[in-house]
Amino acid sequence: MSDNRRTFRSPADEGFFTKLALVALSLVFLAFFLFMPLVSVFVHAFADGWDAYYEALIEPDAWAAIQLTLTVAVIAVPLNLVFGLCAAWAIAKFEFKGKAFLITLIDLPFSISPVISGLVYVLLFGTGSLLGPWLKSHGVEILFAVPGIVLATIFVTFPFVARELIPLMQDQGTGDEEAALSLGASGWQTFWYVTLPNVKWGLLYGVLLCNARAMGEFGAVSVVSGRIRGLTNTMPLHVEILYNEYNMVAAFAVASLLALLALVTLALKTLLELRFGAGAAGGRH
Amino acid sequence: MTASATANTAGWRMKQPSIIPGFGLTLGFSLTYLSLIILIPVAGLLWRSAELGWSGFFAILTDERTLRALYVSFGTAFLAALVNVVFGTILAWVLTRYRFPGRRLIDAMVDLPFALPTAVAGIAFAALYAPNGWVGSLFMPFRIAFTPLGIVIALIFIGLPFVVRTVQPLMEEIDREVEEAAATLGANRFQTIFKVLLPGLTPAVLTGFALAFARGVGEYGSVIFIAGNIPYVSEIAPLLIVIRLEEFNYAGATAIATIMLLISFAMLLVINLIQAWSRRRYGNV
Amino acid sequence: MEVTINNIRKEFDKFAALNDVSLKIASGELIALLGPSGSGKTTLLRLIAGLDYPTAGQVFFGTEDASHSSVQERNVGFVFQHYALFRHMTVAQNIGFGLKIRPSATRPPKAEIRKRVSDLLDMVQLSGLENRYPNQLSGGQRQRVALARAMAIEPRILLLDEPFGALDAKVRKELRRWLREFHDRTGHTTVFVTHDQEEALELADRVVVMSQGKIEQVGSADDVYDRPQSPFVFSFIGESSHLPVDVRDGTVLFQGEPIGVSEGTNTVGDLFFRPEDVELTDDPHALFGKVTACRRLAGTRIAEIDIANNGHAPFHVEVEVPLHAPIELGSEARFRPTRWKIFPGQK
């Protein structure tokens, strides 16, 4: 009886030892490439104890960096949110020529090196450009100032909301909107009472990822910021400066805040996926 | 949001008629925003590059240091993407097929490289794989950090989720019947996996490879701390762009950026071709 | 190849999907496993194939005990419900797969594989489509590719799981006839699973009717339709009605009254009859009830009749009536079964 079970090898399954070996291999791989780096951030941050950690965070330059990072996210995320909704509405609810090309263009920032994302603004507003000197003569500083950092951040986080919403709204089709309109709702009412509730979790998902990237962006921001301490230094840039000064505890203390942000983002993201299925997550990048 | 009327009277013939309002407004805003944030700045870069002329452009590109930097960037990204194809596929298999404690946590953590700011990853890897780090000290006198190998390590981290998340949904869709069919035809488990299942996943694996590779080539933040940045040896192309910028050598930065951008576009095209091809041949993938 | 199934039991988490099932399948026979979903018919098919293992019992192929052979060793042709074609392989590659993966000692030479594939394509009438991908075929074509692929390994028996389930009605009918011809030509021992009784009765040499993990009856189409051995088979196959009756002194009593039907042994049980085995009558010793509906069914007419039940919900029966018979809704009809069966102990 149990004899049958013992001799039977399921045709759609590996043997126990193969499974064990593959799981072990995966865990070892992840330990070296995922878990140890993550743990090391917190270990280094608390190397000199709680007080040193706390000191590093309330130090004026670090505090200024935290504030700047929040400011940049507060501007960049809502702008990309509005763009994401508009683009998804136009793309998902209408049929028009060039749609596929438009979607490719929206994805473009994902395939551009962050350094180049910053570089394009340096070229546009820098000393050798047409715009830069003219703006400067009118008292507007873009480069090596907050506007430049915001622009570069918007550039790199541009696709996040749109690419979550587009597949989601395409799946949902136009039936609900047509029904609402036929019942006498205005365009705004249709959007507000029908479309938005349908995509709210996908929207939240996109905003979450957009925000994580906005606060954590390094390459693009580093090119346009000029790294003026206390003025144009975001948290990731501050981490770099402290690290290069061999101020490990402080560097990892600020880094640990960013790592915490990443963990919270992942936790919320997982929660959204568990609660609302993979439907909340259209494209996962 | 009743701008569709204006869009229609304006003679937008490329759009199919629809009773849903808001097409003109949403598409108009999307295109304007896209142009201001992405298209004009990127076009500016290409314009600057064109001003260099063929000979100027070519001279910068064939400079030994530029060539080495491009070689390091593409070479390390290629190796890292290759490692990720192997381990990413195994990991995706383990996560979709096996049930073991901690699976959900690991599944969620695979997205860490998407969420963790690159600068944080950069200093964590540098500290971990440095000669005095937890992992680096294990391998002494063989050095990992501050060599091209260090770059590969960082890029494996960055590229991992691209492969896992592209392959995983397809693995979840594999019909058990297909595996059983192979078994009834006499295939052992090894043959079923390597002749039936993996070939069916090839388009997804290739796409994941291309995504990880493209991301790796442009990666900056997680690499510069661990790379050592020795010119001709472990200096990546994005870093060379930054160096040229700091030297106010805009032409140099522009030329390197342009060639990287063109290669990114080519990669994007390749990814789209792979997907179109596999969709045509195998149905929805 | 003769297949013998001895006292097979299969449990899934204590739930017995198959309970002491035995069956002997003669060489060259075409057998249908028929039953509602959850009756264990697919489980039985998978156990024969070796895709799953029995909790207890044995499977013999001829005289060889195959119980401990792996699915690969059993060499059975299995056609899956959704065909399970390899979508990255062409039709020809799909069909040749089972030969190509053999170890070099038993693998036929390339030219022979090619020849075998092309013969099989001929046999399933798909010549010219060898370079198509499954995605580019219709449902009926995929079905035949799956069959050709299963036949390529020269299986000892052919097993088909709901072979026509995913096809539309017209293609299903065509393929049914085609499969019968195919079987008569190749002479393979064939077992197929279906929940469609019409399919089973039309196609199979013998039908195995299953319910709740047990075999209810095995027999020809005539056997299971005309001589059902259990209430389940009677009601599952064809149309039928049943009423609770007593048999006393050779007379069948319904609600204590004789209904003009006699039976040999005294018992208490259920009287089963088919709509077509009923005659309308004026005899006072007959069943009677109120006609609640009347519907046309192809060449006949079916009357639905409610028989009063002392204030409880009425008994509902269906009888066939002549097309021209004067039946009015709400009127009273008297009828008597001409063929019936009483299964004891069902009251």
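Excluded from the calculations below are hydrogen atoms, water molecules and symmetry mates; all remaining heavy atoms, backbone and side chain alike, are included. The chains referred to below are lettered A, B, ... by the order of the sequence lines, with proteins before strands, and numbering in each begins at 1.
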Q: Name the region of C/Glu73, side chain, backbone, both or neither, that has any atom closer than 4.5 Å to a heavy atom of chain B.
A: neither

Q: Write down the atom of C/Ile153, the atom of B/Leu185, and the distance for their closest heavy-atom approach.
A: CG2-O, 3.9 Å

Q | 4.5 Å side-chain heavy-atom contact, C/Phe86 and B/Lys195 | A | no

**Q.** Gap separating the CZ atom of C/Arg149 from the OG1 atom of B/Thr184, nearest 0.5 angstrom
**A.** 7.0 Å

Q.
Can you confirm whether B/Arg104 is buried at CZ, in the sense that more than 12 heavy atoms of other residues, nucleotides or ligands lie under 6.0 Å from that atom?
A. no

Q) In terms of heavy-atom contacts, does OH of B/Tyr71 have more than 12 from other residues, nucleotides or ligands at under 6.0 Å? A) no

Q: For residues B/Ala187 and C/Gln72, report the shortest heavy-atom separation together with the two atoms involved.
A: O-NE2, 2.7 Å

Q: Please examine the side chains of C/Phe78 and B/Glu180, heavy atoms only from C-beta on, and report whether any two atoms are closer than 4.5 Å.
A: no

Q. So which part of C/Ala146 gets closer than 4.5 Å to some heavy atom of chain B, the side chain, the backbone, both or neither?
A. neither

Q. Any luck finding a side-chain donor-acceptor pair between B/Tyr282 and C/Arg87 under 3.5 Å?
A. no

Q.
Once rounded to the nearest 0.5 Å, what's the spacing between atom CG of C/Leu85 and atom CG of B/Asp175?
A. 10.5 Å

(Q) Which atoms of B/Arg280 are under 4.5 Å from chain C, going by heavy atoms: the side chain, the backbone, both sets, or neither? (A) backbone

Q. So how far is it from C/Leu51 CG to B/Glu177 CD, rounded to the nearest 0.5 Å?
A. 9.5 Å

Q | chain B contact via C/Arg46 - side chain, backbone, both or neither, heavy atoms under 4.5 Å | A | side chain

Q) Quick one: CZ on C/Phe97 to CD on B/Gln191, what's the gap to the nearest 0.5 Å? A) 6.5 Å

(Q) Please check if the number of heavy atoms outside B/Phe78 that lie under 6.0 Å from its CZ is greater than 12. (A) no

Q. What are the two closest non-hydrogen atoms of C/Met89 and B/Val196, and how far apart are they?
A. CE-CG2, 4.3 Å

